[in-house]
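For ligands, and for the atoms within them, numbers begin at 1 and follow the listed sequence.
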Amino acid sequence: MLWGGRFSEKIDDKALEFSSSLSYDIALFDEDIKISIAHAKMLSETGIISAAEFDIISKGLLTIKQERDSGKWTPDPAKSEDIHSAIEEKLKEIIGPLAGKLHSGRSRNDQVATGFRMWVKKSCLQLISEICNLQNTMLAIAEENTETVIPGYTHLQRAQPVSLAFHFLAYAEMLKRDVDRIKFTFSQADKMPLGSGAIAGSTLPLNREVTKKELDFASVTENAMDSISDRDFALDFLNSCVIGMMHLSRLSEELIIWSSAEWGLAKIGDKFTTGSSLMPQKKNPDIAELIRGKSGRVYGNYISLATTMKGLPLSYNRDMQEDKEPVFDSFNTYSNSLVLMSGMLATVKFDNSAYLEEMDGDFSLSTDLADWLVLKGIPFRDAHHIVGKVVKLAEEKNTNFKGLDLNDLKSINAVFDKTALDCFKLSGCLQRKVTYGSPNINFIKKRIEDFKKELNNYQMHD
Ligand code: ARG
């Protein structure tokens with residue numbers, strides 16, 4: 001135990017087990033060792049401990065790291081409250097009472113806040129690189145499918161034809177915002193609380209700039225009380241996971257419906273599907289379903305920490321130890337989902353052939369005909385009405401647009417000429433779109449090229 005002077009009895013075994021965070025905050029092991037070395041170095045530079053003492057302390061800490069990495073030593077949750085205590089207790093075993101000097105001017109409150117921020121920063125970088133991989137997979141699909149026409153939906157009703165490339169670029173844009181959100185989270189976590197002590201700093205002349213540099217933080221936090229009671233960066237991290245998982249869940253949902261016999265647009269590869277124990281013909285999209293399903297726990301993790309924090313008076317309260325499990329769990333779930341989604345997408349075979357015949361002359365080309373009328377000077381509201389009548393006529397004739405000729409159109413409005421019939425052709429529907437951001441093939445090709453450059457850039461800078 002790191003404390004005990006004023007206690008006459010040892011903590012109850014069950015109470016220690018209940019309160020120990022070691023089983024999970026062991027994930028902060030590497031960060032904690034780095035923090036202790038940096039803190040000890042700063043203590044020696046400011047003359048609070050000697051250079052020789054720093055040497056012994058830092059060697060002791062490195063020995064602990066070696067012993068843990070080689071499996072020679074495993075911290076024991078039945079003995080220690082958390083990873084910070086476990087390491088300090090172990091240091092005492094190795095170097096004796098000098099270990100007691102390490103904690104000068106330091107509290108586990110600023111220690112845990114610092115280690116947790118370092119862990120969040122590291123994890124942000126990993127997530128960004130995993131998102132980039134997934135975006136690259138999407139761009140590869142887009143590149144092959146700039147002319148693959150599929151129905152675009154609103155309200156899950158056919159709206160207008162789009163391309164598969166356009167659809168996947170929509171997801172790539174969503175993921176770009178996910179990266180931006182994670183970069184913001186990184187910048188929030190990149191402020192160092194170490195040197196804040198338990199609540200109000202220290203009477204020792206700690207040089208926070210030294211530890212900031214050693215631990216590679218962008219700046220130091222401004223207010224010691226805020227520093228140790230702030231978990232906003234963890235909530236930003238959890239929120240990044242929430243929105244990122246929501247995007248993956250939407251894509252999963254599409255892959256699931258697209259692989260149904262009714263849709264028949266996508267076939268997920270065998271490596272990422274499973275069979276049924278009863279129905280021999282089945283191939284189930286379980287991985288996509290699980291990504292969709294696991295978004296639930298990631299949402300829950302956000303609510304869990306937001307609820308833990310909401311009633312806490314300043315400053316540190318032990319409740320805050322509940323911050324780590326949701327964050328670790330969301331990271332693992334999101335990171336695995338990103339990797340699996342990328343692997344799975346790379347195996348998907350798309351086939352729009354069933355749609356091509358049927359979408360030729362489909363009513364989802366109605367807006368193109370209305371636009372044609374607008375270019376002839378007809379007010380859009382009237383154009384909308386006229387095309388509505390064309391649709392009605394086709395329905396009465398039990399056909400789609402393809403079954404109508406110029407006379408049919410003229411029977412509804414004299415303004416029609418034979419160029420109007422071009423609007424009914426599926427081929428050319430993408431190129432007819434001229435606005436920036438539409439599925440026009442030239443725009444899409446350009447966007448893919450630009451996107452690739454952007455990906456290179458943000459991978460390089462992080
Ligand atoms: N295990 C604690 C946590 O994760 C470390 C800080 C404990 N501080 C304290 N004063 N008990 O929050």
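Under the rule for a ring-ring contact (aromatic ring centres under 6.0 Å, His included), the partners of Phe331 that lie at least two apart in sequence or sit in another chain are Trp119.
Between Gln188 and Asp232, the side chains place no donor N or O within less than 3.5 Å of an acceptor N or O (distance only, hydrogens not considered).
Ion pairing between a basic and an acidic side chain is recognised when a charged N comes within 4.0 Å of a carboxylate O; Asp230 and Arg117 show such pairing. The pair Glu253-Arg250 does not meet the salt-bridge criterion, since no charged nitrogen lies less than 4.0 angstrom from a carboxylate oxygen.
Aromatic pair Phe237/Phe328: ring centres not closer than 6.0 Å.
Ring-plane geometry between Tyr153 and Trp263 is classed as tilted, the angle between the planes lying from 30 to 60 degrees on a 0 to 90 degree scale.
For ligand 1, the protein residues within 4.0 angstrom (heavy atoms only) are Ser21, Asp82, Arg108, Asn109, Val112, Tyr316, Gln321, Lys324.
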